[in-house]
Amino acid sequence: MEPDLTPPSGEGYRRLSLWWDGLAGPLRVRPALDGDLSVDVAVVGGGLTGLWTAYYLSESDPGLSVAVIERDVAGFGASGRNGGWCSALFSVSERTLDRRCGPGSGRAQRLAMQATVHEVGRVVAAEGIECGFHPGGTVVLARTPAQLARTHLEIADARSRGIGEDDLAFLDPAAARDRVGATGVLGGTFTPHCAAVDPARLVRGLADVVESRGVRIVEGTTVTSIAPGVVSTSRGTVRARTVVRATEGYTRTLTGHHRDVVPVYSLMIATEPLGASFWSEHGLSDRETFADHRHLVVYGQRTEDDRLAFGGRGAPYHFGSAIRPGFDRDHAVHEGLRRTLVGLFPALSGAAVTHRWGGPLGIARDWFSSVGMDPATRLAWAGGYVGDGLSTTNLAGRTLRDLIIGDATGLTALPWVNHRSRAWEPEPLRYLGINAGLRLAGSADRAEGRAGRETWHARALGRLVGG
Ligand SMILES: Cc1cc2nc3c(=O)[nH]c(=O)nc-3n(C[C@H](O)[C@H](O)[C@H](O)COP(=O)(O)OP(=O)(O)OC[C@H]3O[C@@H](n4cnc5c(N)ncnc54)[C@H](O)[C@@H]3O)c2cc1C
C-alpha cells in the first residue's frame with residue numbers, strides 16, 4: 001500500500017488501515033443528511049462510542065428515534081484503524097481512582113472493564129458480527145532489567161490489591177518466551193482479559209446492526225456546533241431532546257471544544273501473512289495480544305489471517321491539535337516500528353510490510369476517560385480513552401443508555417461517570433509540553449536499552465503522551 005496523502009473517498013477508504021483494506025466490498029457510503037431533522041437522541045460521531053450508544057438505546061427502547069451524524073463514514077476514525085485490543089485496560093490506575101473517587105472505585109471500574117470484554121464478545125456472537133473476536137489474553141514482556149523491575153512492581157501492586165494469578169500472572173522467562181517467542185525475554189505478565197479483533201469489521205458490522213434496528217445513520221455530514229437540543233451541521237439542523245458528543249480525537253473541530261481533548265497520533269504497520277514455520281517458532285498460538293514494558297507504548301496482535309499488526313506512539317503532536325490525512329503516515333515512525341518489530345522477531349527481517357497507517361486518539365488533560373450527561377442541558381459525552389477505547393466505548397454506550405433513559409444503575413455509579421477534566425493549555429504550551437514528553441519517553445527507552453537504567457521522571461512524562 002503506497003502512501004497517499006489525499007483525503008479518502010468511496011473505495012479510497014480502504015487506505016485507512018489494514019482492516020479497512022480487508023473489508024468485503026463494495027464499500028457502501030450512506031446518504032448525507034438532506035435537510036432538517038427531529039429525533040429523540042442525536043449522536044455526533046459514527047465511531048464505536050456513537051454506535052454502541054445507538055445500539056443499546058435501540059435495544060432498550062425501540063420506540064426512541066436515534067440519529068448518528070458522521071462527517072465521513074462510520075468507522076472512519078480511530079475505531080476502524082486501531083490495534084484491535086479489546087482489553088480491560090482503563091486510562092486511570094486503580095490506585096488513582098481510589099484516591100480521587102473513594103475506596104473501592106478502582107476495583108469497581110476494573111470489574112466493569114473486565115465484564116465489558118465479555119459483553120463485546122456476547123454482542124458480536126449474538127448479532128453475527130464476524131470480526132474475528134478471539135479472547136486469547138495479553139502478554140506484556142520484560143526485555144530489559146528495568147522493564148523486569150517494573151513487571152515485579154506491577155505484580156506486587158496487583159497482589160496488594162487482591163488481584164490474583166487468574167487475573168494477572170507473572171511469567172518466568174521460559175513461560176513468557178513460550179507465549180511470545182521474542183528476543184531478550186527476561187519475563188512478563190499474562191492477563192486473560194483481552195480479545196483480538198478486526199476493528200473495522202467490528203465497527204462497520206455494528207453500524208449495519210444499528211441501522212437494521214431503525215437508527216438513522218447519516219454520513220458525509222459535518223457537525224459544526226452542538227447546543228442544548230440543537231446540532232448544527234453542514235446539511236441542515238438536527239433537533240433532539242438529548243445530544244451525545246462522540247467525536248474523541250476530533251472533538252477540537254466543534255465550536256467551543258478546542259481544548260477538551262487533544263488528538264495524539266498512534267501509527268501502525270502490518271506484515272504480509274506469515275508462514276506456519278514462523279508461528280511454530282514464535283508462539284502467539286492463542287492469538288495473544290502483546291506488548292513490552294517500554295515507556296513509549298507498542299502493541300501487537302497476530303491477525304486472523306496470520307499477519308503481525310504492530311503499532312506504537314511516537315509520532316509528533318501537531319501544533320494547534322491539527323488533524324490531516326497526511327499525518328496518518330510518517331516514514332520515520334513507520335520505519336522505527338518496523339525496526340522495533342524486527343528487533344523483537346529477527347526472522348521478520350525479510351518479511352514485507354504491506355500496510356502502514358495511523359490515526360488520532362483522544363487524551364483529556366488529566367488522562368481521565370469520562371462519560372456523562374448534564375441533566376439540565378441533556379448534553380452527553382464520552383471519550384478521552386487515550387489508547388484504550390475499543391472496549392471502553394462499549395461501557396460508555398451502555399452507561400449513556402442508562403443516563404439518557406434515566407436509570408440509576410451500577411454503571412451510572414462508576415467513578416468515571418460525570419468526571420470533568422480541565423481544558424488543555426493554549427498553544428504553544430500544549431505543543432511544547434506534549435512533544436517534550438514524547439521525546440523524553442523515547443530517550444528513556446533508548447537509555448534503558450543501553451544501560452538497563454531506570455529513569456522515572458521520563459517515565460512519568462512518557463505517560464503524558466504514551467498511555
Ligand atoms: C492507531 C490506533 C491504535 C489504537 N489501538 C487501540 C487498541 O488496540 N485498543 C484500544 O482499546 N484502543 C485503541 N485505540 C484507541 C481506540 O481506537 C479509540 O479509543 C476508540 O476507537 C474511540 O472510538 P470513538 O468512537 O470514541 O472515536 P472515533 O472512532 O475516532 O470516532 C469519532 C468519529 O467522529 C467523527 N467526527 C469527528 N468530528 C465530527 C464532526 N464535526 N461531525 C460529525 N462527525 C465527526 C469522525 O469522523 C469519527 O468517525 C487506538 C487508536 C489508534 C488511532
Side-chain angles (χ1 to χ4, degrees), residues 13 16-19 32-33 42-53 68-91 113 116-117 120 138 194-197 199-200 202-203 206-207 217-226 231-235 238 244-255 257 261 263-269 289 291 297-301 309-313 315 323 327-328 333 337 356-363 369 371 381-394 396-397 467:
Y13 284 114
L16 286 177
S17 65
L18 165 76
W19 322 109
L33 186 66
V43 179
V44 180
L48 284 170
T49 298
L51 293 168
W52 283 124
T53 305
V68 175
I69 307 152
E70 166 57 45
R71 191 192 57 190
D72 285 278
V73 288
F76 171 85
S79 297
R81 315 183 193 190
N82 60 59
W85 285 40
C86 181
S87 75
L89 296 169
F90 188 70
S91 66
M113 288 300 305
T116 297
V117 179
V120 174
T138 298
C194 186
V197 301
L202 171 62
V203 67
L206 185 61
I217 303 177
V218 292
E219 297 182 335
T221 304
T222 301
V223 172
T224 48
S225 69
I226 292 174
V231 176
S232 305
T233 86
S234 53
R235 318 275 306 198
V238 181
V244 179
R245 171 167 60 73
T247 45
E248 189 59 340
Y250 303 88
T251 300
R252 65 111 181 114
T253 57
L254 297 172
T255 308
H257 293 277
V261 177
V264 171
Y265 275 75
S266 197
L267 268 54
M268 294 196 69
I269 58 174
T289 51
V297 170
V298 292
Y299 48 90
Q301 75 147 287
F310 187 71
R313 317 269 167 81
I323 298 174
F327 298 158
D328 295 352
V333 177
L337 285 170
R356 297 171 177 82
W357 74 97
L361 45 86
I363 306 182
S369 314
V371 57
W381 78 91
Y385 308 113
V386 191
D388 298 321
L390 199 161
S391 44
T392 320
T393 53
N394 175 280

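Start at 1 and go down the list; that is how both ligands and their atoms are numbered.
- At the top of the distance list for atom 24 (P) of ligand 1, counting protein heavy atoms only, stands Thr49 OG1, 3.5 Å.
- Heavy-atom separations between Gly84 and ligand 1 include at least one value shorter than 4.0 Å.
- Evaluated by nearest non-hydrogen atom to atom 5 (N) of ligand 1, the leading choice among Gly83, Ser266, Gly362, Ser91 is Gly83.
- Annotation: the span from Trp19 atom CH2 to Ser79 atom OG amounts to 13.5 Å, rounded to 0.5 Å.
- Taking distance alone, with nitrogen or oxygen atoms compared against 3.5 Å, Met268 stays at or beyond that limit from ligand 1.
- Side-chain atoms of Arg356 never come within 3.5 Å of backbone atoms of Ile269 as a donor-acceptor pair (strictly under, hydrogens ignored).
- Closest protein heavy atom to atom 34 (O) of ligand 1: Gly45 CA, 3.3 Å.
- The option with the heavy atom closest to atom 41 (N) of ligand 1, from among Val223, Val261, Val218, Val297, is Val223.
- Counting protein heavy atoms only, atom 18 (C) of ligand 1 is closest to Ala78 CB, 3.8 Å.
- With a heavy-atom cut-off of 4.0 Å, Thr393 touches ligand 1 through its side chain alone.
- Just one residue in the list Thr224, Leu33, Val223, Thr222 forms a side chain to side chain contact (heavy atoms under 4.5 Å, CB included) with Ser234, and that residue is Thr222.
- No N or O atom of Thr222 sits closer than 3.5 Å to an N or O atom of ligand 1.
- Interface atoms of ligand 1 facing Arg81, defined by a heavy-atom separation under 4.0 Å, are 1 (C).
- For ligand 1, the polar-atom distance check against Thr247 finds no nitrogen or oxygen pair separated by under 3.5 Å.
- Checked by distance only, ligand 1 and Leu267 stay at 3.5 Å or farther apart across all their nitrogen or oxygen atoms.
- Of the N or O atoms in Pro360, none lie within a sub-3.5 Å distance of an N or O in ligand 1.
- Considering backbone and side-chain N/O of Ser87, none are found under 3.5 Å from N/O of ligand 1.
- In this structure, the side chains of Leu390 and Trp85 stay at 4.5 Å or more apart for every pair of heavy atoms.
- Of the options Ala315, Gly387, Ser79, the smallest heavy-atom separation from atom 20 (C) of ligand 1 is shown by Ser79.
- Only the backbone of Ile69 comes within 4.0 Å of ligand 1, judged by heavy-atom distances.
- In this structure, the protein non-hydrogen atom closest to atom 31 (O) of ligand 1 is Gly47 CA, 3.6 Å.
- Within the listing of ligand 1, atoms 25 (O) sit less than 4.0 angstrom from a heavy atom of Leu48.
- Atom numbering of ligand 1 starts at 1 in the shown order; those under 4.0 Å from a heavy atom of Asp388 are 10 (C), 11 (O), 12 (N).
- Counting heavy atoms from C-beta on, the side chains of Thr253 and Thr247 never come closer than 4.5 Å.
- With Thr251 contributing its side chain and Gly249 its backbone, the two residues share no donor-acceptor pair below 3.5 Å.
- The closest protein non-hydrogen atom to atom 53 (C) of ligand 1 is Gly359 O, 3.1 Å.
- Counting only heavy atoms from C-beta outward, the side chains of Tyr385 and Leu361 never approach each other to under 4.5 Å.
- Judged purely by atom type and a 3.5 angstrom limit, Thr116 has no side-chain atom pairing as donor or acceptor with the backbone of Ser391.
- Neither the backbone nor the side chain of Tyr265 comes within 4.0 Å of ligand 1, counting heavy atoms alone.
- Under the 4.5 Å side-chain criterion, counting only non-hydrogen atoms from C-beta, Tyr299 is not in contact with Thr138.
- Taking any N or O of Leu390, backbone or side chain, at least one lies under 3.5 Å from an N or O belonging to ligand 1.
- In the candidate list Thr221, Asn82, Val73, Thr253, Asn82 is nearest to atom 6 (C) of ligand 1, counting heavy atoms.
- Proximity of Leu18 to Trp357: side-chain heavy atoms (C-beta onward) are separated by under 4.5 Å at one or more points.
- Using a 30° and 60° split on the angle between ring planes, Phe76 and Tyr250 fall in the tilted class, from 30° to 60°.
- Using a 4.0 Å cut-off between heavy atoms, Tyr385 contacts ligand 1 through its side chain alone, with no backbone atom that close.
- Looking at atom 49 (O) of ligand 1, its nearest protein heavy atom turns out to be Glu70 OE1, 2.7 Å.
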I'd like to know whether Arg252 forms a side-chain contact (heavy atoms from CB on, under 4.5 Å) with Ile323, so could you lay out the CA-CA distance, the side-chain angles of the two residues, the decisive distance to 0.1 Å, and finally the verdict. CA-CA 10 Å; Arg252 65 111 181 114; Ile323 298 174; 3.9 Å; yes
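- Formation of a donor-acceptor pair under 3.5 Å by the Glu248 side chain with backbone atoms of Gly384 is found in this model.
- Shortest contact from atom 9 (N) of ligand 1 to any protein heavy atom: Trp85 O, 3.0 Å.
- Here the shortest heavy-atom pairing between Val231 and Ala42 reads CG2-CB, 4.0 Å.
- No donor-acceptor distance shorter than 3.5 angstrom exists from the side chain of Ser369 to the backbone of Gly383, with no hydrogens or angles considered.
- Residue contacts with ligand 1 include Ala246, since one or more of its heavy atoms lies under 4.0 Å from the ligand.
- Of the options Thr393, Thr392, Val244, a side chain to side chain contact (heavy atoms under 4.5 Å, CB included) to Thr49 is made by Thr393 and by none of the others.
- The atoms of ligand 1 that sit less than 4.0 Å from any heavy atom of Leu254 are 41 (N).
- Here the heavy atom of the protein found nearest to atom 44 (N) of ligand 1 is Arg71 N, 3.0 Å.
- When side chains are defined from C-beta on, Met113 does not count as touching Asp388, because their heavy atoms never get closer than 4.5 Å.
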